[in-house]
Amino acid sequence: LKQDETHDKSMLALAKLYLQKGELEGCEHQCNALLRVDPTNEEATMMLADIMFRKNKYEDAIYHFQQLLEKKPNNYEALTQFVQLLRRAGRLYDCPKFFKLA
């Protein structure tokens with residue numbers, strides 16, 4: 001990253017490292033930076049949604065999952081986590097829309 005601050009594979013690897021170490025703030029920062037460079041990066045979006053979920057920021061997590069599922073409705077891993085999140089947030093009524101997309 002010293003040579004190229006926008007190298008997406010390096011940014012993603014660093015975000016994963018932060019996540020493995022439990023450093024959610026560092027991971028969140030890297031994911032946001034990566035999404036500024038590559039707004040369609042699925043892994044960064046998924047990690048960011050997971051971080052928001054872990055921080056109990058359900059509305060932010062829902063937003064990120066919605067963004068991902070609108071682009072890739074057949075991402076069943078994301079759909080599964082999204083349904084669990086909606087259940088916790090008391091918003092199961094939002095599920096059918098995403099089931100129809102998948």
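Note that the structure is predicted; figures quoted are calculated from it, not measured.
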Please name the pair of heavy atoms, one in [X] and one in [Y], separated by the smallest distance, quoted to 0.1 Å.
X   : Y   : result
L24 : I51 : O-CD1, 4.0 Å
A15 : M47 : CB-CE, 3.9 Å
L12 : N41 : CD1-OD1, 4.5 Å
Y93 : G90 : CE2-O, 3.7 Å
A44 : C31 : O-SG, 3.8 Å

With rounding to the nearest 0.5 angstrom, report the [atom1] to [atom2] distance, [X] to [Y].
X    : Y   : atom1 : atom2 : answer
L85  : D60 : CG    : CG    : 10.5 Å
L101 : Q66 : CG    : CD    : 10.5 Å
E43  : L35 : CD    : CG    : 11.5 Å
C27  : L48 : SG    : CG    : 8.0 Å
L92  : Q84 : CG    : CD    : 11.0 Å

With the side chain counted from C-beta on, respond yes when [X] and [Y] share a heavy-atom pair under 4.5 Å apart, and no when they do not.
X   : Y   : result
F82 : T80 : no
F65 : L86 : no
Y76 : L79 : yes
F53 : R88 : yes
K21 : L17 : yes

Do NZ/NE/NH1/NH2 and the carboxylate oxygens of [X] and [Y] come within less than 4.0 Å?
X   : Y   : result
R54 : E28 : no
K71 : E42 : no
E70 : K97 : yes
E59 : R91 : yes

*Backbone of M46 reached by a side-chain donor or acceptor of D50 within 3.5 Å*: no

_Residue pair T40, D38: steps toward the side-chain hydrogen bond (donor to acceptor under 3.5 Å, both in side chains) verdict_ = CA-CA 5 Å; T40 62; D38 178 9; 2.8 Å; yes

*Tell me yes or no: between the side chains of N56 and Y58, is some donor less than 3.5 Å from an acceptor?*
yes

*Stepwise, does the salt bridge (charged side-chain N to carboxylate O under 4.0 Å, His left out) test hold for K55 with E25?*
CA-CA 10 Å; K55 289 180 165 184; E25 297 300 323; 2.6 Å; yes

